[in-house]
Structures are given as structure tokens and as C-alpha cells.
Amino acid sequence: MNPLIQRLLGERGVTDVDAFLNPQYDTRRDPFLLRDMDIAVARILKAIKKKEKIAVWHDYDCDGIPGGSLLSDFFMKIEYPARLMVAERNEGYGLNEAGIRLLADEGVSVLITVDCGITDNVCVALAQSLGIDVIVTDHHLPQNELPPAIAVINPHRTDDTYPEKVLCGTGVAFKLVEALIANGDFNLPEGWQKWLLDLVALATVADMVPLTGENRTLVKFGLDVMRKGRRKGLVALLKKERVPFKDVVEDDIAFSIAPKINAASRMESPRLAVELLTTTDAARADELANKLIALNKARKLEGARVAKDVKHRLSGMQMGDIIVMGSSEWRPSLLGIAGNNIVETYGKTVCLWGKDGDLIKGSIRGNGRVNVVALMTGARRAFTDFGGHESSGGFSTTTELIHSLPLALEEALRTSATLVVEESTKVHDGVLTLAEASQTTYDALRLMAPFGMQNPKPIFRFVNVRVDRVLLFGKAKEHARLALSDESGAYGEAMSFFFHRTPFRATIDLLSSGDIVTLAAALDRSFFGGRPSLRLRIENLSI
């Protein structure tokens with residue numbers, strides 16, 4: 001084994017090296033280990049046998065959208081199309097009364113939720129009272145009382161013993177499909193469900209859940225499926241992003257695909273993204289890819305405008321440990337993007353709110369030291385509804401409660417329950433020279449992939465490197481490209497995207513040819529200009 005890989009795996013506590021480097025599909029967990037899975041499968045199979053109407057209600061982000069698309073693919077494959085239902089962002093997260101009543105009027109008798117429903121107790125109770133049996137599949141943290149559905153499939157249930165607690169919403173939906181195929185008689189080709197793994201990989205990477213255990217296996221095989229190029233919408237999107245689908249990796253999901261999927265609901269309708277992921281028409285896929293790319297550009301512009309407004313208002317203000325700010329002019333769907341920008345700039349947890357009609361809705365983004373769900377739970381008196389993950393969340397509130405929000409969050413922040421694991425003091429994974437940042441090293445590191453949460457991409461330190469040239473590019477000169485060399489005569493290229501959001505922005509602004517620098521960077525690859533090349537992605541930089 002490559003000594004570098006052996007060292008890195010040892011430092012990360014990997015004991016079963018072969019299992020980590022060569023995950024086997026058959027080692028994934030039995031879906032029936034999830035509580036209520038047997039009840040859900042029995043009810044769905046009964047509905048299919050009796051030709052009842054089945055609906056799937058999924059969330060509008062890049063976890064719920066792939067999850068809804070996954071179930072749509074499954075029901076289409078067994079020639080039993082289900083009614084797909086997704087709320088627009090202005091209707092709010094999760095289930096709503098109007099949608100439930102519409103499904104009841106249409107004669108739907110079984111409703112499967114994907115990536116939502118775990119906190120929608122009132123709407124689930126309404127559906128059950130109207131004759132709709134609800135099956136909740138979700139991965140968000142439950143509240144004290146589970147919704148009154150006939151089945152609640154969520155690995156985070158306190159009474160659930162499923163070994164893998166960190167599946168994303170689409171991952172939970174995939175386990176449902178696995179269970180249905182195991183107990184049903186659909187005459188499907190052996191292993192057909194593997195073709196759905198590209199959607200699982202997309203959602204798992206986009207939702208930033210840990211890429212360990214079963215998630216690592218699902219993403220690894222999902223990327224293999226994605227590289228087959230069977231999903232026309234993804235192929236069209238990757239082509240326009242100048243990424244060959246045969247070479248797609250997890251970074252391409254995070255930076256090239258997921259933002260476009262999310263842009264659909266933030267700027268227009270999530271249905272556009274669902275259609276992109278499910279269409280079998282190449283021309284329509286191309287049209288939808290163009291549409292989502294245009295929406296994402298508009299999203300960036302509007303999100304930057306909100307972030308600029310926040311920074312302007314913060315100028316000269318005394319800031320506490322959490323930034324709380326809002327405006328009736330801000331579109332709630334853009335506040336998560338703006339919040340990330342503010343977190344990167346100030347290093348503080350950020351809460352932003354805006355208005356959508358009569359609704360006040362907002363986003364909270366953590367700074368890595370605060371559990372956002374615990375924070376909102378501690379400040380629950382200021383919300384009418386909330387949910388999310390450790391690092392990010394969303395909420396709804398009222399004009400009467402919004403004024404209590406800053407104080408409620410500050411008080412909650414002072415409680416120990418909001419703390420998460422302390423930040424790591426390790427800043428790099430060893431020292432490399434430019435000559436060692438080679439294709440051979442990159443290929444060896446890819447054995448540790450897919451990289452993500454709890455399996456981060458290795459960051460190496462490069463010392464006494466000479467800057468030969470500095471190029472700032474982008475519409476606002478927001479990106480930096482450095483041409484580098486060292487004493488051995490080796491050359492390299494390093495990139496920093498949106499460097500003005502980084503702690504080393506002042507250093508890049510001061511750089512000139514001939515400066516000697518030390519940098520921490522990850523090995524990256526680019527297909528710019530249609531040809532693959534290696535480069536460094538800068539994580540830190542000092543003169």
C-alpha cells in the first residue's frame with residue numbers, strides 16, 4: 001500500500017483498511033432493521049394489490065427532490081405511477097393543509113413522505129382523519145412526539161436501533177425501495193435498484209451527512225452509476241458545466257449539480273429539478289439544464305445582494321456571539337446562501353429572516369461550534385415551526401414573536417446543550433513538495449474517496465513556494481489563480497474561489513511575483529478548456 005495512504009488512514013482511525021478502501025455493496029444494512037419498515041411495506045403492497053391511489057410528498061431541496069425522483073422512478077418501473085407532490089417554498093417546508101385536502105379529494109389513500117413529515121403532526125393527523133394512511137420517511141430530528149402516522153421510518157427515532165443513524169432523506173427512501181423489492185413480486189431484474197444509487201449519491205453529498213459506513217458505500221456505488229450516463233438530465237447538466245460524466249466525483253455533485261437543483265425551488269419551482277432528474281428526453285433535459293443554470297446565476301446575484309445589505313447594516317455595530325437580522329424585503333429562499341456568506345466573513349452563527357407574503361421565515365447557519373437544532377430548540381418560544389441539522393436549519397415565526405428572537409437565541413446560545421464537538425486543532429495532513437503533488441499522488445488519494453463530512457479531503461502543507469504570477473478573475477475578480485514554483489524547479493497551479501470570503505484574503509490582495517509563501521491546499525483536478533489537469537485548492541496561505 002502507498003505509505004502516504006497508510007499513514008492517513010491510520011491517523012483517521014481506520015482499522016479495517018480493506019473494507020474502507022473497497023466497500024462492498026452487499027455489506028449494506030437490512031432495511032427491515034428500520035423501525036416500522038415492515039408496516040410501511042405491508043401497507044404499500046396492499047395498496048398496489050387493491051389498486052389504491054398512492055402519493056409521494058417530498059421536500060423541495062437537493063435531498064427531497066432526488067428522493068421524490070427516486071420513488072417516482074421505482075413506481076414507474078413497476079408500472080404503478082404515484083402522484084408526486086412537492087410544496088413550493090412560499091408554501092413552507094413539509095406538509096400543508098391545502099395539499100392534504102387536495103390529495104383527499106383526488107382519492108389518495110396512501111401518502112409517503114420523503115425528507116419531511118417528522119414534525120408535521122397536525123397535517124399527518126388531518127390526513128389520517130380524511131382516510132389517508134401516512135407513511136413518514138425522514139431523517140430530520142424528531143420532536144418529543146412522533147406524528148400519528150401508521151408508520152414513521154426515521155433512524156433518529158429514540159426507539160430505533162438501525163445502526164446507521166446518518167442516512168439522508170433520499171437514503172431512507174432508498175431503504176424503503178429495497179424493502180419493497182425484497183417483499184414484493186414485481187418481476188424486476190436482479191439488482192435493478194442499484195440504478196437508483198446516482199440519486200442517493202447526489203442527495204447524500206448535497207445534504208452534507210457523514211460519508212462513513214453505509215453512506216460511503218452508497219455514494220461510492222452511486223458515483224459509479226452516475227458515470228454510466230443513464231440519467232439524461234445529469235449528463236446535460238455536467239456537459240454544460242464542462243465536466244465529463246465519465247469522470248464525475250463528489251466535488252462535482254457539491255459544486256456543479258446540487259446548487260442548480262436547489263436553485264429551482266429558490267428561484268422558481270422545484271418541479272423543474274424533479275423533471276430534470278426524471279426525464280428520458282435528451283432535448284428536454286438540455287432545455288431544463290439551461291434553465292437551472294440561469295436560475296442559479298440569478299440566485300447568486302440576489303443572495304450576494306442580501307449578504308451585502310447585511311454587511312452594510314453590520315458596519316460599525318457591536319456584534320454578539322450570534323448575528324440576528326431581518327428585512328421584509330428579503331426573500332426567505334435566499335437567506336441560507338446569504339447566511340453562509342456572513343458566517344464565512346465573521347465566523348459567527350447567523351440567523352436571517354425575511355417575509356414571503358404574510359409569512360416570516362428564516363434560516364440559521366452555524367459556525368461549526370453550535371448545534372443549530374439545539375439552538376432553535378432552546379429558543380423555541382420565538383418560533384411557530386423549525387427544523388434542520390446540526391449545521392443549518394430553517395424556521396417560521398410571526399410578527400408578534402420576531403422581536404423576541406435575538407434575546408431567545410442569545411439565551412439559548414449560552415446553554416451547554418448547543419455546543420458540538422470542539423474544532424480540530426489539526427491544520428494539515430503532512431508536508432508535500434510541488435513535485436509530489438502529482439497525478440500518482442492524486443490517484444492514490446482517490447482510493448480514500450468519496451470525501452466529505454467525517455472523511456475530509458486531505459490538506460497538505462507546501463512550504464517555501466515561490467509565486468510566479470497572480471491572476472484575479474471572475475466578474476468581480478473574486479477568484480485567484482497562482483502560478484507557483486519551488487527550488488527543485490517543479491511548477492504548479494493553485495486556486496482560491498471567492499477568496500475575499502477567506503481568512504487569507506488580505507494576503508492574496510498583497511501578493512506579487514517573487515513572493516515566497518506557505519500554503520495549505522488539497523489536490524484537485526480541473527477540466528477547464530476540455531482537458532484534465534491537476535491543481536491545488538488553497539485552504540490557507542501566508543507570506
Problem - Atom of Ile135, atom of Ile153 and distance for their closest heavy-atom approach - result: CG2-CD1, 4.4 Å
Handout entry: Side chain to side chain, Val172 and Leu176, heavy atoms closer than 4.5 Å
Key = no
Problem - Parallel, tilted or perpendicular, as decided by the 30° and 60° cut-offs, for the rings of Tyr80 and Phe75 - result: tilted
Problem - Within 6.0 angstrom of Lys165 NZ, more than 12 heavy atoms from elsewhere - result: yes
Exercise for the section: Measure across Lys355 and Ile360 and return the closest heavy-atom pair with its distance rounded to 0.1 Å. Expected result: CG-CG1, 4.0 Å
Handout entry: Salt-bridge criterion met for Glu302 and Arg266 (N-O under 4.0 Å)
Key = no
Problem - Side chain Thr113, main chain Thr137, donor-acceptor under 3.5 Å - result: yes
Fill in the blank from the handout: When every non-hydrogen atom of Trp57 is compared with those of Cys116, the smallest separation belongs to O-SG, 3.6 Å
Exercise for the section: Check for a donor-acceptor pair, side chain of Thr170 on one end and backbone N or O of Asp63 on the other, with a separation under 3.5 Å. Expected result: yes
Problem - Side-chain ion pair, Glu275 and Arg271, N-O less than 4.0 Å - result: no
Practice task
Give a yes or no answer on whether the side chain of Thr397 reaches the backbone of Ala382 with a donor-acceptor pair at less than 3.5 Å.
Solution key: yes
Exercise for the section: Can you see which heavy atom on Lys457 is nearest to which on Arg12, and at what distance? Expected result: C-NH2, 4.0 Å
Exercise for the section: In sequence, state the C-alpha distance, the side-chain angles, and the governing distance for Thr204 and Asn215, and then conclude on side chain to side chain donor-acceptor pair (under 3.5 Å). Expected result: CA-CA 7 Å; Thr204 303; Asn215 280 342; 4.6 Å; no
Exercise for the section: Any chance you could lay out the side chain to side chain donor-acceptor pair (under 3.5 Å) test for Asp138 and His156, step after step, and finish with the verdict? Expected result: CA-CA 9 Å; Asp138 202 350; His156 285 297; over 6 Å; no
Exercise for the section: Flag the pair Arg227 and Asp198 as a salt bridge only when some basic side-chain nitrogen lies within less than 4.0 angstrom of an acidic carboxylate oxygen. Expected result: no
Practice task
Would you kindly check if the NZ (Lys) or CZ (Arg) of Arg216 is within the cone defined by 45 degrees around the ring axis of Phe20 and under 6.0 Å from the six-membered ring centre?
Solution key: yes
Problem - Any donor-acceptor N/O pair, Asn262 side chain to Cys62 backbone, under 3.5 Å - result: yes
Handout entry: Phe74/Phe174 aromatic ring centres below 6.0 Å
Key = no
Fill in the blank from the handout: Residues Ala307 and Ala338: closest non-hydrogen pair is N-CB, 4.0 Å
Practice task
Please answer whether the main-chain N or O of Gly68 pairs with a side-chain N or O of His58 as donor and acceptor at a distance below 3.5 Å.
Solution key: no
Exercise for the section: Any chance you could lay out the side chain to side chain donor-acceptor pair (under 3.5 Å) test for Asn154 and His140, step after step, and finish with the verdict? Expected result: CA-CA 8 Å; Asn154 187 328; His140 292 96; over 6 Å; no
Problem - Salt-bridge contact Arg446-Glu250 (side-chain N to carboxylate O under 4.0 Å) - result: yes
Exercise for the section: Indicate the ring-plane relationship of Phe221 and Tyr25, choosing parallel, tilted or perpendicular according to the 30° and 60° boundaries. Expected result: perpendicular
Exercise for the section: Using a strict cut-off of less than 4.0 Å between a Lys/Arg side-chain nitrogen and an Asp/Glu carboxylate oxygen, indicate whether Asp36 and Arg157 qualify as a salt bridge. Expected result: yes
Exercise for the section: Evaluate the side-chain proximity of Lys77 to Val177: yes if any heavy-atom separation is below 4.5 Å, no if none is. Expected result: no
Handout entry: Leu126 side chain reached by Leu130 side chain, heavy atoms, under 4.5 Å
Key = yes
Completion exercise
Pro406 and Val324 have their tightest heavy-atom pair at CG-CG1, 4.0 Å
Problem - Lys/Arg-Asp/Glu bridge criterion (N-O < 4.0 Å) met for Glu52, Arg43 - result: yes
Practice task
Check for a donor-acceptor pair, side chain of Asp133 on one end and backbone N or O of Val110 on the other, with a separation under 3.5 Å.
Solution key: no
Exercise for the section: Could you tell me whether Lys53 and Glu106 have a side-chain N and a carboxylate O separated by less than 4.0 Å? Expected result: no
Practice task
Please round to the nearest 0.5 Å and tell me the distance separating atom CD1 of Ile322 and atom CG of Asn367.
Solution key: 9.0 Å
Exercise for the section: Evaluate the side chain to side chain donor-acceptor pair (under 3.5 Å) criterion for residues Glu88 and Ser269: first the C-alpha distance (whole Å), next the side-chain angles of each, then the deciding distance (0.1 Å), finally the verdict. Expected result: CA-CA 6 Å; Glu88 302 291 344; Ser269 171; 2.9 Å; yes
Practice task
Considering only NZ, NE, NH1 and NH2 on the basic side and carboxylate oxygens on the acidic side, decide whether Arg231 and Asp73 come within less than 4.0 Å.
Solution key: yes
Practice task
Report yes if some heavy atom in the side chain of Val205 is under 4.5 Å from a heavy atom in the side chain of Val219; otherwise report no.
Solution key: yes
Handout entry: Lys/Arg N to Asp/Glu carboxylate O, Glu214 vs Lys175, below 4.0 Å
Key = yes
Exercise for the section: Using a 4.5 Å cut-off on heavy atoms from C-beta on, say whether the side chain of Gln24 contacts that of Thr217. Expected result: no
